[in-house]
Enquirer: 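Just dropping this structure here.
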Protein chains: 2
Amino acid sequence: MAEHLTPRAQEIAAAARALLEESGPAALTMRTLADRLGIKAPSLYKHFPDKHAVEVELTAQLLAETAEVLEAAEARAPGSPEALAEAYRAYALAHPHLYCLATERPLPRAGLPAGLEDRAALPLLRTCAGDLDLARAVWAFAHGMVILEIHGRFPADADLDAAWKRGLKALHA
Amino acid sequence: MAEHLTPRAQEIAAAARALLEESGPAALTMRTLADRLGIKAPSLYKHFPDKHAVEVELTAQLLAETAEVLEAAEARAPGSPEALAEAYRAYALAHPHLYCLATERPLPRAGLPAGLEDRAALPLLRTCAGDLDLARAVWAFAHGMVILEIHGRFPADADLDAAWKRGLKALHA
DNA sequence: CCGATCTGGCTAACGCCGTTAGCCATGACG
DNA sequence: CGTCATGGCTAACGGCGTTAGCCAGATCGG
């Protein structure tokens with residue numbers, strides 16, 4: 001979690017996250033969030049300035065957990081793009097609503113813990129041996145695969161494992 | 001446009017598109033849409049069953065135009081992934097709000113003209129010589145690059161042209 | 001020990017949203 | 001000439017994020 005938040009604010013963020021992951025972004029409402037905590041909606045504003053701030057906190061959680069997951073994969077199999085990709089995909093698909101919330105809007109850099117964005121990017125950058133352009137291409141590929149899968153954009157019978165393999169092989173030839 | 005729509009419905013869709021492209025998805029409201037047409041919001045429901053149906057029509061427009069743009073690029077430079085990519089990127093960045101609206105949710109396949117989804121995919125599939133897995137990987141890469149750029153996810157100083165080149169070169173080695 | 005202050009609840013309300021119900025003018029058509 | 005479809009309208013509902021303003025209880029300095 002985040003130590004820059006009041007304990008009560010952390011509880012609220014946790015409830016918001018549970019709500020989001022269980023029921024999707026449309027269900028993440030100040031009123032239902034308050035309900036889940038046994039309070040009324042206006043009381044939430046004693047802890048967060050507005051709904052956006054709650055979403056920023058959830059975004060920070062996703063970023064931090066992504067960093068952890070990628071660091072763990074790297075530790076397990078250093079230098080393996082496949083391990084990184086598998087970890088990234090598995091984490092994103094395990095938290096699809098959170099992934100979308102955190103990913104499908106401008107990065108609220110101002111509200112994020114310092115260094116978090118870089119930390120999440122580092123494992124991939126290392127695996128790309130410092131090749132920034134390649135790392136960005138791989139990132140775009142991975143994000144594209146995940147987000148298209150989450151939204152059911154691929155044909156139902158598409159072999160996504162094969163597409164992942166094909167893309168990764170080409171990008172790290 | 002779409003001939004399955006009433007003329008009046010086409011006018012409404014055109015206004016909706018203008019509204020979306022000028023002012024973003026938050027401004028695409030049944031009330032402001034009606035305002036722009038000089039009518040009241042409830043009257044819109046004589047032409048579309050709900051707001052989602054309007055959005056589906058805009059999604060169909062994006063899909064059709066994407067197909068046109070890709071077909072034109074292919075005609076100009078057959079077999080060139082770079083030409084396809086450049087056309088795709090340029091079109092998406094010229095219509096960022098529309099691209100997001102049409103792209104960041106499940107494909108409403110039921111409400112789309114038959115064959116449109118396939119038509120939009122064909123130029124890339126041909127350029128990939130029928131390799132479905134490769135085509136999907138390239139698609140994911142291109143979508144990832146575009147959507148990350150639209151949302152300002154890359155560092156401000158990132159050289160995106162270079163990342164595009166790098167990714168395309170690898171994917172079509 | 002007491003008063004001040006802070007914390008974290010509350011109710012009422014505002015203006016927006018999508019949407020529904022029901023009314024009515026116009027004009028086409030048998 | 002009556003009937004009916006078309007495409008407007010107003011009024012209203014419930015839900016949204018958010019604000020203003022009130023209040024109980026804890027904390028803490030004098």
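Here is how names work: the chains are called A, B, and so on, in the same order as the sequence lines, proteins then strands, and each is numbered from 1.
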Enquirer: Please tell me which of B/I39 and A/K51 maps to the more 5' nucleotide of DNA chain D, matching each residue to the nucleotide holding its nearest heavy atom.
Expert: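 Nearer the 5' end of the strand: B/I39.
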Enquirer: Quick one, B/Y99 with B/H143, criterion ring pair (Phe, Tyr, Trp, His ring centres under 6.0 Å). Give me CA distance, side-chain angles, the key distance, then yes/no.
Expert: CA-CA 10 Å; B/Y99 188 87; B/H143 173 64; 5.7 Å; yes
Enquirer: State whether a side-chain donor-acceptor pair under 3.5 Å links A/H95 with A/E21.
Expert: yes
Enquirer: About how many Å separate CD1 of A/I39 and NZ of A/K46, when rounded to the nearest 0.5 Å?
Expert: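 Answer for the NZ-CD1 pair, A/K46 versus A/I39, is 11.0 Å.
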Enquirer: Indicate yes or no: does B/E65 engage B/R17 in a salt bridge with an N to O separation below 4.0 Å.
Expert: yes
Enquirer: Can you tell me whether the side chain of B/R8 and the base of D/dG7 have a donor-acceptor pair closer than 3.5 Å?
Expert: no
Enquirer: Over how many whole Å does the gap from A/K40 atom NZ to D/dG17 atom P extend?
Expert: 15 Å
Enquirer: Tell me if the NZ atom of B/K51 is crowded by more than 12 foreign heavy atoms within 6.0 Å.
Expert: yes
Enquirer: On DNA chain D, check which nucleotide each of A/R31 and B/H47 is closest to and give me the residue with the more 5' one.
Expert: B/H47
Enquirer: Return the nearest nucleotide to the side chain of B/K46; candidates are D/dC22, D/dG7, D/dT18.
Expert: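 Given the options D/dC22, D/dG7, D/dT18, the side chain of B/K46 is closest to D/dG7.
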Enquirer: Heavy atoms, side chains only, cut-off 4.5 Å: are B/W164 and B/E82 in contact?
Expert: no
Enquirer: Quick one: label A/L28 by what it contacts on the DNA or RNA (base, sugar-phosphate, nothing), any heavy atom closer than 4.0 Å.
Expert: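 Sugar-phosphate, no base atom in range.
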Enquirer: Tell me, please, the opening and closing nucleotides of DNA chain C, 5' to 3', among those with an atom under 4.0 angstrom from a non-hydrogen atom of chain A.
Expert: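 So the outermost contacting nucleotides come out as C/dG8 to C/dA13.
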Enquirer: Look at all strands and tell whether A/I12 reaches a base, only sugar-phosphate, or nothing, counting heavy atoms closer than 4.0 Å.
Expert: nothing
Enquirer: Given that B/M30 and A/S43 both sit by DNA chain C, which one's nearest nucleotide is further toward the 5' end?
Expert: A/S43
